[in-house]
There are 2 protein chains.
Amino acid sequence: MTLQRQSGVALWRQIADEIRGGIGNGLTDKMGRLPSEAELARRFDVNRHTVRAALAALARERVVEARRGQGTFALKKNRIAYPIGRRTRFSAAMRDNSATGRSEVISSTKETADAPTRTVLRLEPGAIVLRLETLSMVDGEPFSFSTHWFEAGRFEALPEIVRQTGSITAGLKACGVDDYLRQETRVDARHARDAEIERLRLAPGAILLVTGVVNCDLSGVPIQRSRSCFAADRATLIVDHLDSAGS
Amino acid sequence: MTLQRQSGVALWRQIADEIRGGIGNGLTDKMGRLPSEAELARRFDVNRHTVRAALAALARERVVEARRGQGTFALKKNRIAYPIGRRTRFSAAMRDNSATGRSEVISSTKETADAPTRTVLRLEPGAIVLRLETLSMVDGEPFSFSTHWFEAGRFEALPEIVRQTGSITAGLKACGVDDYLRQETRVDARHARDAEIERLRLAPGAILLVTGVVNCDLSGVPIQRSRSCFAADRATLIVDHLDSAGS
DNA sequence: TCTAGTTGTCTATATTATTAGACAAATGGA
DNA sequence: TCCATTTGTCTAATAATATAGACAACTAGA
């Protein structure tokens with residue numbers, strides 16, 4: 001294990017990231033026990049105190065738990081598999097992870113559409129859009145934070161339905177959209193910003209997977225633009241190309 | 001702008017990441033000029049020297065260039081759009097970015113298949129696989145680093161063809177695979193490791209988009225497993241669900 | 001009960017990151 | 001030419017990070 005010194009990222013944070021990634025990938029024994037602090041210090045070639053700083057950070061994140069005299073143990077956490085396909089529905093995807101798929105509405109506002117939203121939804125300059133922010137929870141922890149944009153006039157009633165049902169699919173149905181398909185999904189990755197760290201309860205410096213989605217009705221008219229942020233260490237996005245051919 | 005203090009990530013690195021992300025997103029003026037160091041220090045609420053450390057890092061990455069008396073300017077760099085679909089071919093995708101899509105072979109070895117490779121390629125324990133490592137360049141810079149696994153017996157001749165043509169598609173064709181489709185793509189994101197930082201010439205602490213791919217022949221038999229790493233600030237992955245329905 | 005191995009806590013010191021201030025050097029426009 | 005604005009380069013002090021060593025507290029097994 002070689003670490004980057006003078007990189008602007010503290011050694012203890014690099015070590016914490018390595019250990020977090022190593023859990024469930026051969027670092028722990030069958031009992032979920034990590035190598036001892038002394039052993040980790042040897043492997044990373046740092047002082048034991050530096051390893052302790054990394055483990056303390058992981059303990060704050062509830063990723064590991066130290067037991068005096070016994071060792072440090074990984075707390076099991078299942079990584080969420082999140083499918084990306086033509087017919088991806090959040091609630092159905094979450095049921096496959098034996099988790100409840102409910103989207104809580106954080107805010108619902110109207111605003112003039114910015115350039116990317118106008119392009120995607122094919123709107124005139126100055127058009128008003130509905131902006132909906134939602135947070136989804138899995139196992140009582142925040143899983144994804146999303147911002148959705150809809151044409152304002154057509155989807156007046158949508159926020160209230162989403163608030164009641166926790167489902168955007170239900171909200172769209174109430175506004176006359178019986179079915180819809182994904183046109184495109186963009187995937188980026190970057191460091192989490194302040195607001196996202198707070199909302200998703202992440203560790204500082206956490207990495208986000210950011211997806212940008214365009215949903216169209218069956219006649220191909222774009223009706224929804226969404227941007228979702230997932231904690232990269234909690235989620236794996238899965239594109240199933242066979243499924244996306246349609247069902 | 002609020003930064004995370006005592007997070008294990010130095011302020012100058014957080015600022016560098018913010019500025020890198022802000023370029024091409026309204027931070028610079030029409031001439032590509034960034035706000036002055038004093039102005040940035042005010043916005044981030046840090047000392048000017050801290051901003052200078054961030055700008056120095058970006059200058060080392062060739063993202064910006066400072067001119068005494070004039071200001072600091074962004075050096076334009078186009079983000080590569082990399083499509084993910086049933087029929088994604090690297091070389092074709094790169095031509096759409098007006099770049100040459102050539103994969104250089106870094107290494108070609110035989111090894112006993114590990115568990116994930118065995119599962120994906122449906123092999124017996126102890127089976128031998130061909131492991132091919134390739135690096136792709138765009139605009140003279142490393143763009144992606146990939147590791148591919150093939151069943152050893154069937155693809156004996158593949159590495160030599162890839163070495164000559166720079167194309168895996170050509171290598172597969174030489175081994176009797178006229179056409180193939182992606183079965184599945186997994187997408188993860190994480191910090192770059194040491195070897196990846198070196199091979200892709202990244203800044204320390206850079207973020208990687210990691211894709212895992214399974215390719216099948218037309219009868220659905222898996223023939224190739226690949227894992228590719230992209231620098232997250234150079235690439236956007238694009239899943240086109242309409243295209244992936246087949247052509 | 002003893003012992004080896006583990007985490008927890010303390011002191012001390014060196015290195016790096018950040019802040020603070022001052023001034024030099026270059027640019028462009030009035 | 002003068003002036004305001006910009007980046008470049010010093011010095012110095014403070015805070016955060018990393019290393020080093022010693023020992024206490026606890027656990028499990030011999």
Side-chain angles (χ1 to χ4, degrees), chain A residues 1-19 27-60 62-75 203-205, chain B residues 1-19 27-60 62-75 203-205:
Chain A
M1 272 310 129
T2 314
L3 302 175
Q4 304 289 326
R5 286 171 190 258
Q6 298 170 10
S7 67
V9 182
L11 294 181
W12 64 264
R13 172 144 293 284
Q14 296 181 54
I15 293 168
D17 292 342
E18 277 294 326
I19 292 175
L27 181 65
T28 59
D29 67 10
K30 292 160 206 161
M31 301 300 294
R33 193 171 89 147
L34 275 68
S36 73
E37 295 172 351
E39 168 62 20
L40 288 170
R42 213 167 12 250
R43 287 196 203 175
F44 289 110
D45 196 23
V46 296
N47 192 274
R48 183 178 149 229
H49 292 293
T50 309
V51 169
R52 282 180 61 73
L55 291 174
L58 292 173
R60 281 196 299 274
R62 307 281 169 90
V63 173
V64 302
E65 182 187 57
R67 296 176 205 153
R68 181 185 290 201
Q70 295 184 265
T72 304
F73 296 80
L75 300 175
Chain B
M1 272 309 132
T2 315
L3 302 174
Q4 305 288 327
R5 284 169 191 260
Q6 300 171 18
S7 66
V9 182
L11 294 181
W12 64 263
R13 173 143 290 284
Q14 297 181 55
I15 292 169
D17 292 341
E18 277 294 326
I19 293 176
L27 182 65
T28 60
D29 67 11
K30 292 160 206 163
M31 301 300 293
R33 195 171 87 146
L34 274 70
S36 73
E37 295 172 352
E39 168 62 20
L40 288 169
R42 215 169 9 253
R43 286 195 203 176
F44 288 111
D45 196 22
V46 297
N47 191 273
R48 184 179 149 229
H49 291 293
T50 309
V51 169
R52 282 181 59 74
L55 290 174
L58 292 173
R60 280 195 300 273
R62 307 283 170 88
V63 173
V64 303
E65 181 187 59
R67 297 177 204 152
R68 181 187 289 203
Q70 296 183 262
T72 304
F73 296 80
L75 300 176

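Nothing here was measured: the structure is a model prediction, and the numbers come from that model.
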Stepwise side chain to side chain contact (heavy atoms under 4.5 Å, CB included) test for L27(A) and R43(A): CA-CA 12 Å; L27(A) 181 65; R43(A) 287 196 203 175; 3.6 Å; yes
Set out, in order, the CA-CA distance, both residues' side-chain angles and the distance that settles side chain to side chain contact (heavy atoms under 4.5 Å, CB included) for V51(B) and V46(B), then state yes or no. CA-CA 7 Å; V51(B) 169; V46(B) 297; 3.8 Å; yes
Would you check, one step at a time, whether the test side chain to side chain contact (heavy atoms under 4.5 Å, CB included) holds for Q14(B) with F44(B)? CA-CA 10 Å; Q14(B) 297 181 55; F44(B) 288 111; over 6 Å; no
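Atom CG of L40(A) and atom C1' of dG5(C) are 15 Å apart (whole Å). Residue E65(A) contributes atom CD, which lies 15 Å from atom C1' of dT6(C) at whole-angstrom precision. In this structure, CZ of F73(A) is placed 11 Å from P of dT6(C), rounded to the nearest angstrom. Distance CG (L55(B)) to C1' (dA17(C)): 16 Å, rounded to an integer number of Å. Put simply, CD on E37(B) is 19 Å from P on dC23(C), counting in whole angstrom units. In this structure, CZ of R52(B) is placed 20 Å from P of dT16(C), rounded to the nearest angstrom. To the nearest angstrom, C1' of dT7(C) lies 16 Å from CD of E39(A).
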Between protein and nucleotides 27-30 of chain C, what N or O pairs are separated by less than 3.5 Å?
{"unit_1": "dG28(C)", "atom_1": "OP1", "unit_2": "Q70(B)", "atom_2": "NE2", "d": "3.4"}

Short N/O separations, protein against nucleotides 15-21 of chain D, under 3.5 angstrom:
{"unit_1": "dA16(D)", "atom_1": "OP1", "unit_2": "Q6(B)", "atom_2": "NE2", "d": "2.6"}
{"unit_1": "dA18(D)", "atom_1": "OP1", "unit_2": "L11(A)", "atom_2": "N", "d": "2.3"}
{"unit_1": "dT19(D)", "atom_1": "OP1", "unit_2": "R5(A)", "atom_2": "NH1", "d": "3.3"}
{"unit_1": "dT19(D)", "atom_1": "OP1", "unit_2": "R5(A)", "atom_2": "NH2", "d": "3.0"}
{"unit_1": "dT19(D)", "atom_1": "OP2", "unit_2": "N47(A)", "atom_2": "N", "d": "3.2"}
{"unit_1": "dT19(D)", "atom_1": "OP2", "unit_2": "T50(A)", "atom_2": "OG1", "d": "2.5"}
{"unit_1": "dA20(D)", "atom_1": "N6", "unit_2": "H49(A)", "atom_2": "NE2", "d": "3.0"}
{"unit_1": "dG21(D)", "atom_1": "O6", "unit_2": "H49(A)", "atom_2": "NE2", "d": "2.4"}

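Annotation: side chain to side chain contact (heavy atoms under 4.5 Å, CB included) contacts of A10(A) (sequence neighbours excluded): W12(A). Take R33(A) and apply the side chain to side chain contact (heavy atoms under 4.5 Å, CB included) test, not counting sequence neighbours, and it matches D29(A), F73(A). Residues passing the side chain to side chain contact (heavy atoms under 4.5 Å, CB included) test with R68(A), sequence neighbours excluded: none. Residues satisfying the salt bridge (Lys or Arg N to Asp or Glu O under 4.0 Å) test with R62(A), not counting sequence neighbours, are none. Contacts of R48(B) classified as side chain to side chain donor-acceptor pair (under 3.5 Å), with partners at least two apart in sequence or in another chain: E37(B). Every salt bridge (Lys or Arg N to Asp or Glu O under 4.0 Å) that R42(A) has, sequence neighbours left out, goes to E39(A). Taking A74(B) as the reference, I23(B), T28(B), L34(B) meet the side chain to side chain contact (heavy atoms under 4.5 Å, CB included) condition, with sequence neighbours excluded.
R67(B) comes within contact range of the sugar-phosphate backbone alone, with a heavy-atom separation under 4.0 Å but no base atom that close.
Near DNA chain D, meaning a heavy atom under 4.0 Å away, the residues from residues 27-36 of chain B are S36(B).
Residues L75(B) and V64(B) share a closest heavy-atom pair of CD1-O, 4.0 Å.
Listed pair T72(A) / dT7(C) meets the phosphate criterion, a side-chain N or O lying under 4.0 Å from OP1 or OP2.
For R48(B) against dG8(D), a side-chain N or O and a base N or O form a donor-acceptor pair under 3.5 Å.
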